[in-house]
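Only one structure is covered here, and it is reproduced in the block below.
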Amino acid sequence: MTPNDRLASIQYLRAAAALMVVAYHVFGDVAVVGSAGVDVFFVISGLVIAMVTAVKPVRPVIFAYDRVARILPLYWLFTALLVATKLLAPDLLPRLPLDTGWIVSSFLLIPTVVPGTADRFPFLYQGWTLWFEALFYLLVLAAMLVSRRHQAVILSVVLLSLVAIGAILEPQGPMGISFTSPLLLEFLAGYLFGTWRQAGGRLPAASGQLLVGFGVIGFIAAAGFAGAPEGWPRIFWWGLPALALVTGAVILDDARRIGAHPFPLLLGDASYAVYLSHGIAISVLSFASRRAGWATGPALDQPVLALAIGTAAVAVGIGVHLIVEKPLMRFLRSARPRPLPPVAAGIGGIAVPSGER
């Protein structure tokens, strides 16, 4: 997807999703609906992959390279930072065991449990969402290799089958639980909407307004009644509003009802860096506040301080994006495999595309 293909609405929603997650990790259970920012990210991922693969034929090697370059380097960087901190100052991370197998699994995005517990998350906690991202990308790649023409059908059948297996067999292992989760439906929903849109599907702006309204009202209702839903209740309380919000915003964008504003676009660009770095930033800032004698109770008892910590954590993420992520992505793009030169036909008379996105 080229810069001209980017939708301002998607960047705004990425920014909002990142802020939702930060709010939850700053204010705790009272802002638990902020965790639904992850569901917004998942729907967006499905939409973006449809945009990337449906506009022009993309060589599988290019698709795989772009996905790896997008998610792994920054994730590995922050995971390595946490591991180094655990080695050098273990008392700062008392809840993270220094277990080699767990750390290796974390780097490889293999779902596993935290040693000595029943919890499922990697060394860098936020990386649990990348388990789902990586699986989705692998399935898209497999569908591309099997049949480009029937890619959407193959992907739909596989994802629906995995979710059905999870519902019927109820696997107990970390990989079985993760890779048959109903959360996969959020990727599929975004992907199918994106495929429909790339095929020329459009709806009037009024429907976009209704969908955005449904999404906002849905999240407000979830904040009041849902608590922290998991499994199928999460799809109802958080997944459906996320889907409505994303699809409605894109419909409004296509109808030219959404303008471009620099700072929200920057925050959208920085959303991945904010997402990966905010946990570390919040922990460091909270520790410093306690040492300075500022933090003496729960966040709700000191909302101004909590808001300041959250704002500073977001600022750190933006800094990481500008100083680390952008130069890293420029370098990785420069090392991207080059598209094949244009030719009339490939091996055996099979046409070879002249370019990719």
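All heavy atoms count here, side chains included; hydrogens, waters and symmetry mates do not. Please read these numbers as outputs of a predicted model, since none were measured by experiment.
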task = Report the relative orientation of the aromatic rings in Phe63 and Tyr137; use parallel for angles under 30°, tilted for 30 to 60°, perpendicular for over 60°.
result = perpendicular
ask   = Hey, what's the ring geometry for Phe132 with Trp128, parallel, tilted or perpendicular (30° and 60° as the breaks)?
value = perpendicular
message = Would Leu188 and Ser156 count as a side-chain contact (heavy atoms from CB on, under 4.5 Å) here? Give the steps.
response = CA-CA 7 Å; Leu188 179 59; Ser156 298; 3.5 Å; yes
Report yes or no: do [X] and [Y] form a side-chain donor-acceptor pair below 3.5 Å?
X      : Y      : result
Tyr191 : Glu186 : no
Arg14  : Gln11  : yes
Arg120 : Ser178 : yes

If you define the side chain from C-beta out and look only at heavy atoms, does anything of [X] sit under 4.5 Å from [Y]?
X      : Y      : result
Arg336 : Leu332 : no
Trp232 : Leu185 : yes
Leu98  : Ile103 : yes
Leu266 : Leu322 : yes
Val33  : Trp238 : yes
Phe193 : Val250 : yes
Tyr125 : Asp119 : no
Ser207 : Ile251 : yes

[X] side chain to [Y] backbone, donor-acceptor under 3.5 Å:
X      : Y      : value
His278 : Val274 : yes
Glu170 : Ile168 : no
Thr247 : Ala244 : yes
Ser271 : Gly268 : yes
Asp253 : Ser9   : yes
Trp102 : Thr112 : no
Lys86  : Pro97  : no
Gln198 : Thr53  : no
Ser106 : Pro122 : no
Arg197 : Ala50  : no

According to a hydrophobic-cluster definition based on side-chain heavy atoms being under 4.5 Å apart (Ile, Leu, Val, Met, Phe, Trp, Tyr only), do [X] and [Y] belong together?
X      : Y      : value
Leu72  : Leu81  : yes
Ile323 : Trp76  : yes
Leu82  : Phe287 : no
Leu130 : Val113 : no
Val314 : Phe263 : yes

message = Among Leu139, Leu160, Leu135, Val158, which residue satisfies the side-chain contact (heavy atoms from CB on, under 4.5 Å) criterion with Leu184?
response = Leu135
Hey, what do you get for [atom1] ([X]) to [atom2] ([Y]), rounding to the nearest 0.5 Å?
X      : Y      : atom1 : atom2 : result
Phe121 : Thr129 : CZ    : OG1   : 13.5 Å
Leu245 : Phe214 : CG    : CZ    : 11.0 Å
Leu169 : Thr180 : CG    : OG1   : 8.5 Å
Leu155 : Ile49  : CG    : CD1   : 10.0 Å
Leu276 : Tyr75  : CG    : OH    : 9.0 Å
Ile177 : Trp131 : CD1   : CH2   : 10.0 Å

Minimum-distance pair of heavy atoms, taken over all atoms of [X] and [Y]:
X      : Y      : value
Pro182 : Gly231 : CG-C, 4.1 Å
Pro73  : Leu328 : CB-CD2, 3.6 Å
Ala205 : Leu252 : O-CD2, 3.4 Å
Pro111 : Leu109 : CD-O, 3.6 Å
Val246 : Leu47  : CG1-CD2, 4.0 Å
Ile62  : Pro337 : CD1-O, 3.0 Å

task = Check step by step if side-chain contact (heavy atoms from CB on, under 4.5 Å) holds for Val114 and Phe123.
result = CA-CA 8 Å; Val114 182; Phe123 204 82; over 6 Å; no
message = Is there a side-chain contact (heavy atoms from CB on, under 4.5 Å) between Ser334 and Arg330? Walk through the geometry before answering.
response = CA-CA 6 Å; Ser334 70; Arg330 279 197 297 267; over 6 Å; no
ask   = Of all residues at least two apart in sequence or in a different chain, which pass the side chain to side chain contact (heavy atoms under 4.5 Å, CB included) check with Pro264?
value = Tyr12, His261
inquiry  = If you apply the rule side-chain contact (heavy atoms from CB on, under 4.5 Å), what do you find for Gln126 with Val38, and how did you get there?
reply    = CA-CA 10 Å; Gln126 294 93 316; Val38 167; over 6 Å; no
ask   = Should the pair Arg70-Glu133 be classified as a salt bridge under the 4.0 Å nitrogen-to-oxygen rule?
value = no
key: Short N-O contact, Asp66 and Arg333, less than 4.0 angstrom   = no
